[in-house]
Amino acid sequence: MAGQEQEELLKARNRTLSAFREDAEQEWRAPFYFIQGADPQFGLMKAYSIGDCDHGGDEWEEELKLTQQAVQAINQLNPKPKFFVLCGDLIHGMPGTPWREAQIQDLKSTLKSVNSDIPLVFVSGNHDLGNTPTPETIEDYCQKWGDDYFSFWVGGVFFLVLNSQLYFDASKCLELKQAQDEWLQQQLAMAEARKCRHAVVFQHIPLFLREPDEDHDYFNLEKSIRHELLEKFRKAGVKAVFSGHYHRNAGGSYKNIEMVISSAIGCQLGEDTHGLRVVAVTPEKIVHKYYSLNELSNREVEKDIAALLNQN
C-alpha cells in the first residue's frame, strides 16, 4: 500500500488519520461514499459452532475466505469508496489467548490486498482490547492497529472513532477513559464551532440496538452513559453513529441522530448474511444500505451506489 512499509498497514497516529490531510479535507466538494464493515472476528465461527466462545476459536478458514471476498468486492467498485472502516472485533482471540497472534497476522495479510487508494480505518472492539481493557491491552492494540480513538476529515465531513470499551468497563483504566472523555469534548466543540457538513461517529458497541431507552445488556451501553453521549452528540450536530458488535443488522434513532448497527463479515448470530454497508454522504443526508458479500460482488451494485449518491 502506498506510503508505508510493505509489511505494515496505515495506522491512525497522533489522534488522526494520515491518509487524509485535514487542511485539504475540511471543505465540502461533492457527494461521496464509504464502506462500513464489522466483526470479521477470525475464530468465532468455530467457537460458536461448538458452543465455547470463551475458549474455542482454533480455526478461522471461513472468516478468512469471507474477508478475502469482502476485499475483492470493495476493490472492484467504481468509483472507489473514500475509505473502508472496520468497526471492531477484528479477531476473536482475546488478549492473552492462543491463536490471537496468528489471527491478527492472517487478517493483516488479507487487508494488505485492499486497493492502495482506499484507506483503512480501524475501530477497536471488545475482543481486540478485552472486555475489561487495561493500559497494557490498549497499548498492544495501538501498536498493532493504530490509535484506539481519533478523528479525521473527509470532504467537509468530520468523523470520530471512539474506543467504546472505555464506556463499557473502564474499571482497570480510569485515567485512559478520562483522557478520551476530555479529547471527545474538545472534538465535539470543534465540530459544533466549525459547522461541518456532517459529523459521524464510529464505535464498536452500539449506544442502543432499537430504542434509546431499552434495557442495558451485553450488546449496548449502560443507560446513563448512553444518554450522556447521545446528548453530547446531539448538541454537536452528529448525524449518525455506526457500530457492529451485535452480529445482526439493527438500529433506531434519537432525535436527529441515527444509530446504525451492521451485521458481521464473519459469524452471524441472526438471520442476516455476511456483508458490508455502503454509506453515501450527500449534501443533506447520510443514506446507507447493507449488502451481502455476494450482492456487493455483483457489478450491478454500482447503479445502487449512484442512486444513493443522488438522493437529496
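Since this is a predicted model, take the numbers as computed values, not measurements.
- In Arg21, the CZ atom is not crowded: 12 or fewer heavy atoms of neighbouring residues, nucleotides or ligands sit closer than 6.0 Å.
- Here the straight-line distance linking atom CD of Gln180 with atom SG of Cys173 works out to 10.0 Å at 0.5 Å rounding.
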Show your working on side-chain hydrogen bond (donor to acceptor under 3.5 Å, both in side chains) between Glu222 and Ser224 and close with a plain yes or no.
-> CA-CA 6 Å; Glu222 190 273 327; Ser224 63; 2.4 Å; yes
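- Put simply, the side chain of Asn75 gets close to the backbone of Ser113: a donor and an acceptor are under 3.5 Å apart.
- Ion pair Lys232/Glu228 flagged as a salt bridge, since at least one NZ, NE, NH1 or NH2 atom sits closer than 4.0 Å to an Asp/Glu carboxylate oxygen.
- Checked by atom type and distance alone, the side chain of Thr137 never pairs as donor or acceptor with a backbone atom of Pro133 at under 3.5 Å.
- Of the possible polar contacts, one joining the His274 side chain to the Ile265 backbone as a donor-acceptor pair under 3.5 Å is found.
- Without hydrogens or angle criteria, Asn310 side chain to Ala306 main chain gives a donor-acceptor distance under 3.5 Å.
- Val121 is not listed as a side-chain neighbour of Phe84, based on a closest heavy-atom distance of 4.5 Å or more.
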Cut-off 3.5 Å, no hydrogens considered: what does the side-chain donor-acceptor table look like for residues 32-46, sequence neighbours left out?
unit_1: Tyr33; atom_1: OH; unit_2: Pro79; atom_2: O; d: 2.5
unit_1: Gln36; atom_1: OE1; unit_2: Ser262; atom_2: OG; d: 2.5
unit_1: Gln36; atom_1: NE2; unit_2: Ser243; atom_2: O; d: 3.1
unit_1: Asp39; atom_1: OD1; unit_2: His247; atom_2: NE2; d: 3.3
unit_1: Asp39; atom_1: OD2; unit_2: His245; atom_2: N; d: 2.9
unit_1: Gln41; atom_1: OE1; unit_2: His247; atom_2: NE2; d: 3.1
unit_1: Gln41; atom_1: NE2; unit_2: His92; atom_2: ND1; d: 3.1
unit_1: Gln41; atom_1: NE2; unit_2: His127; atom_2: NE2; d: 3.4
unit_1: Lys46; atom_1: NZ; unit_2: Asp58; atom_2: OD1; d: 2.8
unit_1: Lys46; atom_1: NZ; unit_2: Glu59; atom_2: OE2; d: 3.4

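- A cation-pi geometry, defined here as NZ or CZ lying under 6.0 Å from the six-membered ring centre and within 45° of its normal, holds between Lys108 and Trp145.
- Screening residues 286-312 for ring-ring contact (aromatic ring centres under 6.0 Å, His included), with sequence neighbours left out, gives Phe242-His288.
- Under the ring-ring contact (aromatic ring centres under 6.0 Å, His included) criterion, Tyr246 pairs with Phe219, sequence neighbours left out.
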Stepwise side-chain contact (heavy atoms from CB on, under 4.5 Å) check, Arg248 with Leu209 | CA-CA 10 Å; Arg248 285 153 285 203; Leu209 299 176; over 6 Å; no
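- The main-chain N or O of Gln26 is never found under 3.5 Å from a side-chain atom of Arg197 such that the two would form a donor-acceptor pair.
- Looking at Asp304 and Lys289, a side-chain N of the basic residue comes within less than 4.0 Å of a carboxylate O on the acidic one, giving a salt bridge.
- Gln103 places a side-chain N or O within donor-acceptor distance of the main-chain N or O of Gly57, the cut-off being under 3.5 Å.
- Qualifying ring-ring contact (aromatic ring centres under 6.0 Å, His included) partners for Trp183, counting only residues two or more places apart in sequence or in other chains: Tyr149.
- Crowding of His216 atom NE2: a count of heavy atoms from other residues, nucleotides or ligands under 6.0 Å exceeding 12.
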Would you please test Leu120 and Leu10 for side-chain contact (heavy atoms from CB on, under 4.5 Å) and show each step?
-> CA-CA 7 Å; Leu120 290 160; Leu10 282 169; over 6 Å; no
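- Nearest approach of Arg226 to Asp213, heavy atoms of both residues: NH1-C, 3.9 Å.
- Between Asn126 and Met94, some side-chain heavy-atom pair lies under the 4.5 Å cut-off.
- Between Val241 and Leu207, the closest side-chain pair of non-hydrogen atoms falls below 4.5 Å.
- Rounded to the nearest 0.5 Å, atoms CG (Leu66) and SG (Cys267) are 10.0 Å apart.
- Separating the CG atom in Asp54 from the CG atom in Asn131 is a distance of 8.5 Å, to the nearest 0.5 Å.
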I would like to know whether Lys255 and Glu231 meet salt bridge (Lys or Arg N to Asp or Glu O under 4.0 Å); could you show each step before the answer?
-> CA-CA 9 Å; Lys255 299 182 180 177; Glu231 274 302 300; 3.3 Å; yes
Could you go step by step and tell me if Ser292 and Asn294 meet the side-chain hydrogen bond (donor to acceptor under 3.5 Å, both in side chains) rule?
-> CA-CA 5 Å; Ser292 72; Asn294 289 336; 5.2 Å; no
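- Counting only distance, with no hydrogens or angles, the side chain of Thr273 and the backbone of Gly275 share no donor-acceptor pair below 3.5 Å.
- Between Leu77 atom CG and Gln72 atom CD the span is 12.0 Å, to the nearest 0.5 Å.
- A donor-acceptor pair under 3.5 Å links the side-chain atoms of Gln203 to the main chain of Ile205, judged by distance alone.
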Go through Val85 and Val123 one step at a time and tell me if the side-chain contact (heavy atoms from CB on, under 4.5 Å) criterion holds.
-> CA-CA 7 Å; Val85 57; Val123 182; 3.8 Å; yes
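- Salt bridge Glu258/Lys239: absent, no basic N to carboxylate O contact under 4.0 Å.
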Chi angles and distances behind the side-chain hydrogen bond (donor to acceptor under 3.5 Å, both in side chains) call for Thr282, Glu284 | CA-CA 5 Å; Thr282 75; Glu284 303 300 328; over 6 Å; no
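- More than 12 heavy-atom neighbours from other residues, nucleotides or ligands sit within 6.0 angstrom of CD on Glu139.
- Within 6.0 Å of CG in Asn14 there are 12 or fewer heavy atoms belonging to other residues, nucleotides or ligands.
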Only distances under 3.5 Å count here; give the side-chain donor-acceptor pairs of residues 150-163 to other protein atoms, sequence neighbours excluded, each with its distance to 0.1 Å.
unit_1: Ser151; atom_1: OG; unit_2: Gln187; atom_2: OE1; d: 2.8
unit_1: Asn163; atom_1: OD1; unit_2: Gln165; atom_2: N; d: 3.0
unit_1: Asn163; atom_1: ND2; unit_2: Asp148; atom_2: OD2; d: 2.9

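- Between Ile225 and Tyr167, the shortest heavy-atom distance links the atoms CD1-O, 3.2 Å.
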Tell me, with the steps shown, if Arg194 and Glu22 meet salt bridge (Lys or Arg N to Asp or Glu O under 4.0 Å).
-> CA-CA 13 Å; Arg194 293 190 182 181; Glu22 183 174 331; 3.4 Å; yes
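- Atom-to-atom distance recorded for Gln76:CD and Asn298:CG is 8.5 Å, nearest 0.5 angstrom.
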Would you check, one step at a time, whether the test side-chain hydrogen bond (donor to acceptor under 3.5 Å, both in side chains) holds for Gln186 with Glu182?
-> CA-CA 6 Å; Gln186 294 169 353; Glu182 293 173 354; over 6 Å; no
When you look at Phe208 and Asp215, which way does the side-chain contact (heavy atoms from CB on, under 4.5 Å) test go after all the steps?
-> CA-CA 9 Å; Phe208 58 91; Asp215 291 340; over 6 Å; no
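- By the 6.0 Å contact criterion, CG on Asp52 is enclosed, its count of non-hydrogen atoms from other residues, nucleotides or ligands being greater than 12.
- Side chains of Ser263 and Asn249: no donor on one and acceptor on the other come within 3.5 Å.
- Annotation: side chain of Asn220 is in contact with side chain of Glu214 (closest heavy-atom distance under 4.5 Å).
- Cluster partners of Leu174 are absent, since no Ile, Leu, Val, Met, Phe, Trp or Tyr has side-chain heavy atoms less than 4.5 Å from it.
- In the hydrophobic cluster analysis, where Ile, Leu, Val, Met, Phe, Trp and Tyr join through side-chain heavy atoms closer than 4.5 angstrom, Val200 is grouped apart from Leu188.
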